[in-house]
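What you see is a predicted model, and the numbers here were worked out from it, not measured in a lab. Chain naming here is simple, since letters A, B, ... match the order of the sequence lines and numbering starts at 1 in each.
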2 protein chains.
Amino acid sequence: MRRCKADAEQTRLKILEAAEMLFAEHGIARTTLEQIARTAGVTRGAFYWHFKDKTAVLSALYERTTAPQLALIREASEQADLTDPLAFLECSGTRFLSVFAADKCQQRMHRIMSNAAMTEETAAWLAEANVELWRVFQRLLARAGEAGQLTDELTPDEVAVSLMVMFNGLLNEWLRSDRAFPLDTLGAKLLHHHIASLRRNGGAA
Amino acid sequence: MRRCKADAEQTRLKILEAAEMLFAEHGIARTTLEQIARTAGVTRGAFYWHFKDKTAVLSALYERTTAPQLALIREASEQADLTDPLAFLECSGTRFLSVFAADKCQQRMHRIMSNAAMTEETAAWLAEANVELWRVFQRLLARAGEAGQLTDELTPDEVAVSLMVMFNGLLNEWLRSDRAFPLDTLGAKLLHHHIASLRRNGGAA
DNA sequence: AGCTACATACATTCACGTATGGATGTAAAT
DNA sequence: ATTTACATCCATACGTGAATGTATGTAGCT
């Protein structure tokens, strides 16, 4: 039994990984610290050495996956080319879908966050993430509205709702249906079609 | 303290109501039988008289709300006018949205089912409900495809995915955003726009 | 030697399930 | 009508296990 610093960090990662899998599969509440430890190949002693309690693991998972991702979205939206916001949304949305489809880690975090029974902390995270997304969509679509790129039938805010629904809906339905359809290709196709229908003179060639 | 049969049935309903509210607000796992009983104005003794355990309440809630609703959907889809499936989908979808927006009970059940950490039973229910919806959508859109009503760009199955995403997405986003937009009016508007974009020569007047 | 990185052992809490008691309604018997 | 017998409906009390948190032991690194 060797215990250098590298080993310690590795068991920490093993615990995180185990928690992520178990949380995603059985939910947070139905996952025991004992299960996490055993899956990670250690005991609860190791767990309590690295983490204060169960919520601390959740927090660490959030910090290492969701939070930086959120920062990326924010950053990208600020550096976005605003001459054609709809094209930007389609492009980055499509890219996100294909990345998401290939990244088991993101998928598990999405399941965890979406099934997290509402404690104060997780609720705050969810709210933060979604409010952030709303802001981005609203900003970009307001810009598109000013540029006269949107259909007359819907206001920019309504288009924002429509895109939020389509985007989050794709992720949720894909996971819920146990990956019943190809998220990357079909997602891109539907996103393209939907965004086209939101443009002024949308469907007309 | 009177205890005729009517009183007993009323306490049963009070327990169901309390459980529904607590499940929707804090999740199933984080809700205690003690909380349910106290909220219903009784003790755990009364609870155990009417129900075997926590899953029995969940089952009763499902039977009284979700199950009959599912039967309605199935029945309606079989009696549907198949000359214009898209119009039927828009019409019944819009009606469902407005009913859902007004029915707190349905909203709570949707939250409960959507946040239910995957036990064997709830997972089976969710699968059943969604498979049922899939069947309905696929049947109707296959029919629409045969009638040549769908856009060339998407297959009937792909259109079915698109509509599932839009529909479930509307419900989820509305609840998640804490009713940030008018589900009935805006939902109808977006559903109409989206379905129009799925028709052959969709956006063109 | 002292600290790190765990394992092990122990204490505590909390929700669950059950057993029991008691109050009330209800039907039959007289 | 009154009493008796019994079932219903619910509260209270108790036992139990499981998960948590903490305290202690201990082998290896530095």
Side-chain angles (χ1 to χ4, degrees), chain A residues 1-61 112 115-122, chain B residues 1-61 112 115-122:
Chain A
M1 191 187 300
R2 305 161 25 215
R3 288 188 206 122
C4 51
K5 284 203 171 182
D7 290 332
E9 182 59 20
Q10 193 182 357
T11 64
R12 196 188 117 95
L13 291 179
K14 278 220 165 197
I15 291 175
L16 279 176
E17 189 183 0
E20 191 185 274
M21 291 191 57
L22 292 169
F23 286 169
E25 197 159 352
H26 308 292
I28 298 173
R30 295 176 58 84
T31 299
T32 300
L33 300 188
E34 175 72 27
Q35 295 175 16
I36 296 176
R38 285 208 59 196
T39 303
V42 291
T43 67
R44 277 170 48 246
F47 179 94
Y48 277 107
W49 173 256
H50 289 285
F51 302 97
K52 180 175 172 285
D53 53 16
K54 203 195 279 183
T55 70
V57 201
L58 193 61
S59 183
L61 287 175
I112 294 172
N115 288 25
M118 301 306 160
T119 79
E120 312 71 34
E121 215 168 0
T122 58
Chain B
M1 190 186 301
R2 305 163 24 217
R3 289 190 205 120
C4 50
K5 283 203 172 184
D7 289 333
E9 182 59 20
Q10 194 183 356
T11 65
R12 196 188 118 95
L13 292 180
K14 278 220 165 197
I15 291 175
L16 277 177
E17 189 183 359
E20 191 184 276
M21 292 191 58
L22 292 169
F23 285 169
E25 198 160 351
H26 308 293
I28 298 173
R30 294 177 58 84
T31 299
T32 300
L33 300 188
E34 174 72 27
Q35 294 175 16
I36 296 176
R38 284 209 59 197
T39 304
V42 291
T43 67
R44 278 171 45 247
F47 179 93
Y48 277 108
W49 173 256
H50 289 283
F51 302 97
K52 178 174 173 284
D53 52 16
K54 203 196 278 182
T55 69
V57 201
L58 194 60
S59 183
L61 287 175
I112 294 172
N115 287 29
M118 300 307 160
T119 79
E120 312 71 34
E121 215 168 1
T122 58

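Within the 4.5 Å cutoff, the side chain of B/Arg12 has no heavy atoms near those of the B/Ile15 side chain. Residues A/Leu16 and A/Glu20 have side chains not in contact (no heavy-atom distance under 4.5 Å, counting atoms from C-beta outward). Contact check for B/Leu58 versus B/Ile112: side-chain heavy atoms found under the 4.5 Å cut-off.
Where A/Gly45 and A/Leu33 meet DNA chain D, the nucleotide closest to each residue was compared, and A/Leu33 sits on the side nearer the 5' end.
Across the protein-nucleic acid pair, A/Tyr48 atom OH and C/dA9 atom P stand 17 Å apart, rounded to whole Å. Whole-Å rounding puts the B/Asp53 CG to C/dG17 P distance at 5 Å. For the pair B/Asp7 CG and D/dT8 P, the interatomic distance rounds to 16 Å; values are reported in whole Å. Summarising the geometry, the separation between CZ on A/Arg12 and C1' on C/dC6 is reported as 16 Å, rounded to the nearest angstrom. Here C/dA15 presents its P atom at 13 Å from CG of B/Leu22, a figure rounded to the nearest Å. In this structure, CD of B/Glu34 is placed 9 Å from P of C/dC16, rounded to the nearest angstrom. B/Arg44 places its CZ atom 10 Å from the P atom of C/dA15, with the value rounded to the nearest Å. We find that CZ of A/Phe47 is positioned 13 Å from P of D/dT22, with the value rounded to whole Å.
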Using distance only, find each side-chain donor-acceptor pair of residues 45-54 of chain B under 3.5 Å and give its atom names and separation, not counting sequence neighbours.
residue	atom	partner	partner atom	Å
B/His50	NE2	B/Thr11	OG1	3.2
B/Asp53	OD1	B/Thr55	N	3.4
B/Asp53	OD1	B/Thr55	OG1	3.0
B/Asp53	OD1	B/Ala56	N	3.2
B/Lys54	NZ	B/Ile28	O	3.2
B/Lys54	NZ	B/Thr31	O	3.0

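When distances are taken from the side chain of B/Lys54 to each of C/dC6, C/dC16, D/dT20, the shortest belongs to C/dC16.
At the phosphate of C/dC6, neither OP1 nor OP2 sits under 4.0 Å from any side-chain N or O atom of A/Trp49. Here A/Thr11 reaches the OP1 or OP2 of C/dC6: one of its side-chain N or O atoms lies under 4.0 Å away.
Across all strands, B/Thr32 comes closer than 4.0 Å only to sugar-phosphate atoms, never to a base (heavy-atom distances).
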